[in-house]
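These notes are about the structure you will find just below.
Everything quoted here is computed from the prediction, not taken from an experiment.
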Amino acid sequence: MKKLYIKAIGALLLGGSMVGCGDSFLDTDIYNGIDIDSGLNSVTNIGYALNGTYYRLFYYYFAGNYATSFGDIASDLSYWNHETNHFSDIYTFAPTTTDLYLEDIWNYGYKVVDNSSRIIKAGTEMTVEESEEAELDMYLAEAYALRAYGHFVLVNIFGHQVKVDGQDFSSKPGIVVVDQPITPSDNVSRATVGETYTSIIKDLKLAIEYFDKAGQTKGTPLYFNPAAVWGLLSRVYLYMEDYQNSIDAAQKALTIGGVSTLATTDASYKALYNGELSNNESFFCLAINTTTNWSANSCGTLWSTYSYSPSPYLQSIMAENDVRRAVWGWASNNTPSVPWFSGGKFGAFGLGGNSAYGTNYLINAPEMFLNQAESYVKQKNADNARAALLTVAKRNPAITSVDDLPSDLTALMSFIQEERARELFQEGHRLYDLRRWDVKANLYATGAPEIDWLLKNVKVSDCVYPIPDAEINTKAGVTQNEGWNSTFPKM
């Protein structure tokens, strides 16, 4: 961690210096920097450093693109037309220890967790005036949530899935859990996957506790808030196969977020993706817009001019009149042999259709209904599962009541698996779903229009991505995933 740790410190200093008196954590005006050793000494400076941490989360190396796109590119939901090379090794399930996408995700993930840990340490040790307590508690709530999010992304890429269809892999190597700031001279070691998840749950519960104490939020989904924290907690519990807690956390998110119904017409669905805050079904998103975006490095560019589009499999399970097709468009240079998508959920339809302006909606209400539906199936409660599922499945106009959904538990689970593909496409869930379900899939589609799958009927349940050489070579104590290369399907 020594090399990446030094970079993380720079991130905190930069975060402190980039943010002024405005609310935007993407304000590029330069203000006085915050010294790492003595600068986190006021609530105001804690706020500046927190905004810098959001910036690291937002960056295209992490949630702003790479860490979010990863879960769909490495799955059966995407098609690569070979015209550009972005993510090609990830798409073909041929990663290396020098893969720059993996290195950047690792690097920026640890910037988020290290910066959050420093904020938490300084904030919990700080004595402040009563008038500042609520603001500090709100900042601490956000910092705990940010650290949990960073750890969760990292452990799912660089560690084994915690549960796979009832099998427990919590004793497998996880990641370095940063629950206290690390100094450059420290040697570190990887926690187990189970220990990492325990830390994530603890942080999310502390985030909720501090939001309750604060009694306030920033009033926008551009920052962590209670609905988003409960939503992430539901996802974590689902991965752990703790189904009742996943159901309960999802309901908390929906209740606090005020969402009970979803868009079911082409117009209302497309309006969700007009740009930045247009999605009233989202609890947490990034501040990407016409003036602040990653341009060529954006998710929208990846899903358009950088070669990626919905796979033949995804297209085959999406009804022609499904409202989710309302955001599917094809570029003017699209051909049957070289498909060019026009951005999908990143279409930014209210902002001139420039896909670079489309934001990342990270924690959203539809996922909560699907988490509940799957959890109820695992509890053998088909009635409750169908009731939760219907809210999302009505995006297909042919489905109007629970009678249009399977009643058999096996068939219902299969429907939910396909529904998660339809609903969560471009949100980065699919790889982890395939792993935790332990199902077979066809991967690495090529040769449009006569599609062939080069990895046929394979499982990715044991796929564990390598720790970047840039980290291993620091010799700070992080060990490689043994035999990682043998965990990937081969042609």
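Not a single side-chain hydrogen bond (donor to acceptor under 3.5 Å, both in side chains) links Ser414 to another residue, sequence neighbours left out. A search for salt bridge (charged side-chain N to carboxylate O under 4.0 Å, His left out) contacts involving Arg422 returns Glu418, Glu419, not counting sequence neighbours. Every residue two or more places apart in sequence or in another chain that forms a side chain to side chain contact (heavy atoms under 4.5 Å, CB included) with Thr255 is listed here: Gln251. Taking the side-chain hydrogen bond (donor to acceptor under 3.5 Å, both in side chains) definition, one finds that Ser170 meets it with Asp168, sequence neighbours left out. A search for side chain to side chain contact (heavy atoms under 4.5 Å, CB included) contacts involving Leu351 returns Thr290, Ala348, Tyr357, not counting sequence neighbours.
Counting only distance, with no hydrogens or angles, the side chain of Asn442 and the backbone of Asn457 share a donor-acceptor pair below 3.5 Å. Without hydrogens or angle criteria, Asn81 side chain to Pro339 main chain gives a donor-acceptor distance under 3.5 Å. Using a distance-only test at 3.5 Å, with no hydrogens or angles considered, no donor-acceptor pair links the side chain of Asn279 to the main chain of Leu277. Between the side chain of Thr391 and the backbone N or O of Thr261 there is no donor-acceptor pair closer than 3.5 Å. No donor-acceptor pair under 3.5 Å is formed between the side chain of Ser298 and the backbone N or O of Trp294. Side-chain N or O atoms of His151 include one that pairs as donor or acceptor with a backbone N or O of Val178 at under 3.5 Å. Judged purely by atom type and a 3.5 angstrom limit, Ser375 uses its side chain to pair as donor or acceptor with the backbone of Asn371. Under the 3.5 Å distance criterion, the side-chain polar atoms of Ser278 are matched with a main-chain donor or acceptor of Gly275. A donor-acceptor pair under 3.5 Å is formed between the side chain of Lys163 and the backbone N or O of Met240. At distances below 3.5 Å, not a single donor-acceptor pair connects side-chain atoms of Glu471 with backbone N or O atoms of Pro468.
Legend: salt bridge (charged side-chain N to carboxylate O under 4.0 Å, His left out) pairs involving residues 310-322, not counting sequence neighbours, sorted by first then second residue: Glu320-Arg325, Asp322-Arg324. Sorted by first and then second residue, the ring pair (Phe, Tyr, Trp, His ring centres under 6.0 Å) pairs involving residues 378-427 (not counting sequence neighbours) are Trp303-Phe425. Residue pairs that meet the side-chain hydrogen bond (donor to acceptor under 3.5 Å, both in side chains) test with at least one member in residues 339-351, sequence neighbours left out, are Lys345-Glu427. Counting only residues at least two apart or in different chains, salt bridge (charged side-chain N to carboxylate O under 4.0 Å, His left out) contacts with residues 273-302 comprise Glu281-Arg395. Within the structure, the salt bridge (charged side-chain N to carboxylate O under 4.0 Å, His left out) test picks out the following pairs touching residues 232-257 (sequence neighbours left out): Arg235-Glu367. Sorted by first and then second residue, the pairs that involve residues 428-464 and meet ring pair (Phe, Tyr, Trp, His ring centres under 6.0 Å), not counting sequence neighbours, are Tyr91-Tyr444. Among pairs with a residue in residues 75-100, those fulfilling salt bridge (charged side-chain N to carboxylate O under 4.0 Å, His left out) read Asp76-Arg430, at least two apart in sequence or across chains.
Under the 4.5 Å side-chain criterion, counting only non-hydrogen atoms from C-beta, Ile175 is not in contact with Arg190. No side-chain heavy atom of Val112 sits under 4.5 Å from any side-chain heavy atom of Tyr149. Side chains of Lys218 and Glu142 form a contact here, defined as non-hydrogen atoms less than 4.5 Å apart. In this structure, Trp484 and Pro95 have side chains that are in contact, with non-hydrogen atoms separated by less than 4.5 Å. With a 4.5 Å cut-off on side-chain heavy atoms, Pro489 and Cys463 count as touching. Side-chain contact check for Trp80 versus Asn85: some heavy-atom pair is nearer than 4.5 Å. Side-chain contact between Leu302 and Ile73 is present, with heavy atoms from C-beta onward closer than 4.5 Å.
Checking each of Tyr465, Trp106, Tyr110 against Phe158 for a ring-ring contact (aromatic ring centres under 6.0 Å, His included) leaves exactly one that passes, namely Trp106. Checked against Tyr361 for a side chain to side chain contact (heavy atoms under 4.5 Å, CB included), the options Tyr273, Phe346, Phe283 give a single hit: Tyr273. A side-chain hydrogen bond (donor to acceptor under 3.5 Å, both in side chains) with Arg147 is found for exactly one of Asn115, Asp203, Thr53, namely Asp203.
Taking the six-membered ring where tryptophan is involved, the planes of Tyr306 and His86 are essentially parallel, since the angle between them stays under 30° and well short of 60°. Between Phe87 and Tyr308, the ring planes are perpendicular. Angles over 60° get that label, and only those under 30° would be called parallel.
Counting non-hydrogen atoms of other residues, nucleotides and ligands closer than 6.0 Å to NZ of Lys205 gives a total of 12 or fewer.
For Tyr108 and Tyr59, the ring centers sit closer than 6.0 Å to each other. With ring centers used as reference points, Phe58 lies 6.0 Å or more from Phe62. Side-chain rings of Phe152 and Tyr239 approach one another, their centers coming within less than 6.0 Å. Separation of the Phe70 and Tyr101 ring centroids does not fall under the 6.0 Å cut-off.
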(message) For Lys111 and Asp114: C-alpha separation, side-chain torsions, deciding distance, then whether salt bridge (Lys or Arg N to Asp or Glu O under 4.0 Å) applies.
(response) CA-CA 5 Å; Lys111 289 179 189 290; Asp114 180 85; over 6 Å; no
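The heavy-atom pair separating Ala382 from Ser407 by the smallest distance is CB-O, 3.7 Å.
Between Lys459 and Asp438 there is a salt bridge, since at least one side-chain N of the basic residue sits less than 4.0 Å from a carboxylate O of the acidic one.
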